Protein chains: 2
Amino acid sequence: MSDSTDKRRRPLTLRDVSEAAGVSEMTVSRVLRNRGDVSEATRQKVLEAARRLGYVPNKIAGALASQTVNLVAVIVPSLSNLVFPEVLAGISEVLDETPLQPVIGVTQYQPEREERVLYEMLSWRPSGVIVAGLEHTEAARAMLKAADMPIVEIMDSDGEGVDSVVGISHRRAGRMMGEAIVENGYRRIAFLGSKMPLDHRARKRFEGFTEALAKAGIEVADREFYEGGSGLVKGREMTETVLRRTPDLDFLYYSNDLIGAGGLLWCLEQGIDVPGQVGLAGFNGLRLLDGLPKKLATMDACRAEIGREAARIVVERAHGVRIELEPRLEPGDTLIRPRGA
Amino acid sequence: MSDSTDKRRRPLTLRDVSEAAGVSEMTVSRVLRNRGDVSEATRQKVLEAARRLGYVPNKIAGALASQTVNLVAVIVPSLSNLVFPEVLAGISEVLDETPLQPVIGVTQYQPEREERVLYEMLSWRPSGVIVAGLEHTEAARAMLKAADMPIVEIMDSDGEGVDSVVGISHRRAGRMMGEAIVENGYRRIAFLGSKMPLDHRARKRFEGFTEALAKAGIEVADREFYEGGSGLVKGREMTETVLRRTPDLDFLYYSNDLIGAGGLLWCLEQGIDVPGQVGLAGFNGLRLLDGLPKKLATMDACRAEIGREAARIVVERAHGVRIELEPRLEPGDTLIRPRGA
DNA sequence: TTGAAAGCGCTAACAA
DNA sequence: TTGTTAGCGCTTTCAA
């Protein structure tokens, strides 16, 4: 009676397996970690006992004793952005070949949240940290500097990192797109992006973009910023707003593909000739949207590649590595004007 | 010289703070956890010392000593599916108000991977497990049963769970959509979905769907399955294929909104009257796609709500709870035929 | 090939 | 309000 009421209150320990198998805890530990020499006979005995009891090792105790944790902290601003899951996929791809495991933290683009998440994660003493962006609170930067493990700041290479850095230059990406737009003869150019002052990468793209225009003696003819989650609807609305306000625009540069796609759909619906009348470009190279009526010009941000490289650095316990990847311009159907247009 | 070379090899411990602040380790521990009565004076002393040294507590040791871990294991098939980040958002929303933190594991729809991820996570002795789906390997189910913590299986309520279950009935969702389609007078109906034999929820929707049609004496007129990541392109291709093969179809039911959107775009491009000539419906209620030329009929899967309820169960340490949410049919513009059509 | 002892860094429980 | 003691469940190290 009492037997069944208090069944499995105390979680199983190594000792339970040790007793069930009739060997020392140490031997059980060795078998379960495939370490050291254990005779095949005892090995089987232990394995069988562990399986029968349903024993799951306690990594907390193991980590404390061995002073090693196979966790890699990965800190990103958002998961709904579509971009970050791709980075995570790149990271997993590499870590899957190793004993390391990613642990994901989300900051929602808030520096204080990032600081808290980082603190939480560091308190588990991971084997490395991969964090999006170069901008952190002072305290966060101090923690990263003090942490005795590989730190990789990803996505952005415009600035100084704490340890290793893997990313693209968003300033340069913006500049490249600006140049391509100018080269294609557009002159009345608008920028449509998020209002988020904390999306530093979008900001840097905007800076590089205006810089490129300035070199050609052009100023941004109009700009529009939105708040709240992106999406096709936002793109439509912004596009309508900006084209109403400045009807002679001949190019719209969007800070991401999703709002760009919304804009594209709106233009096509309105019977606007794209790119004859108005050219369009986004950013990110989302394959997801490939099936739109026209392929939006965009720039690939090398997301999976960034994830893979960052993971490699952690796996190799490297420090001070700096990898700047090359963003690729994908002109699609909305940038290059047909001859004679 | 040697001072600077071996700086900060040994991570800081409570003892370092204790010495720096001139109080016992226990007092430092109390301050850092806001526990027990500590005079404001010592409190400040400790805080200042901890901050100056850059001390980050070791949760591994803490967890081992206190036998509590404020981690909640969350296991999902994929992050690129768009659906799961929304569930995670619901979970975070609730956990944010508590000391609990979600830790995410991804299985890629592979049962063996799920088993491994689960084993890894359980070995950290989390405060609860939230796992997508009711289908698991036998070993995984055994682990879940043996684990002495709240277990919540989410997304699906068609079947028995190990402990708590929060989800919708996908069979019912498929049936509801099938009924709505029949009621609207469609008779030549096709199903377009993923080939994944392991996407049990899509399978159940299909089953409920055919069941509803059967009740009306209708059989699925054609079906098409795809492999590989979804996306607009896949939807276009499948739609073309199926309409070529069976030109007299008057309705296409897609297993998710993204391929449905691709199909919608293709139909509109071809000058097909939607829903006059062909009606369309997807599944999920992705707000992301709201800006399409027409609003695709779909069914909301209550993703955020599912996340919130699951998190609540873990927070309340509840067991054996069963919550079946009501999927909502969103007819959009592609299901209800205009009068006289 | 196996086992015994010591201790990882912290906190529960109790004492002062 | 503060300190002391004794582990938490495992692994490292050394001995047999």
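Model, not experiment: these values are computed from the prediction. Chain naming here is simple, since letters A, B, ... match the order of the sequence lines and numbering starts at 1 in each.
- Nearest to the side-chain atoms of A:A61 among the listed nucleotides C:dG3, D:dC10, C:dG9 stands D:dC10.
- Checking C:dC8, D:dC10, D:dC8 against the side-chain heavy atoms of A:E25 singles out D:dC10 as nearest.
- Take A:A63 and apply the side-chain contact (heavy atoms from CB on, under 4.5 Å) test, not counting sequence neighbours, and it matches A:V69, B:I60, B:W124.
- A donor-acceptor contact shorter than 3.5 Å is absent between the side chain of A:S164 and the backbone of A:V152.
- Salt bridge annotation for B:R43-B:E40: present, with a cationic side-chain nitrogen under 4.0 angstrom from a carboxylate oxygen.
- Atom P of nucleotide D:dT12 and atom CG of A:L64 are separated by 12 Å, given to the nearest angstrom.
- Residue pairs meeting the side-chain hydrogen bond (donor to acceptor under 3.5 Å, both in side chains) criterion with at least one member in residues 54-64 of chain B, sequence neighbours excluded: A:E120-B:K59.
- Taking only side-chain nitrogens and oxygens, B:Y55 never comes nearer than 4.0 Å to OP1 or OP2 of C:dG9.
- In the region residues 30-44 of chain A, proximity to DNA chain D at under 4.0 angstrom, judged on heavy atoms, holds for A:R30, A:R33.
- The pair B:R308-B:E305 meets the salt-bridge criterion, since a charged nitrogen lies less than 4.0 angstrom from a carboxylate oxygen.
- Between B:S24 and D:dG3 there is a side-chain polar atom (N or O) within less than 4.0 angstrom of OP1 or OP2.
- B:K145 has no carboxylate O lying under 4.0 Å from a charged side-chain N of B:D163, or vice versa, which leaves the two without a salt bridge.
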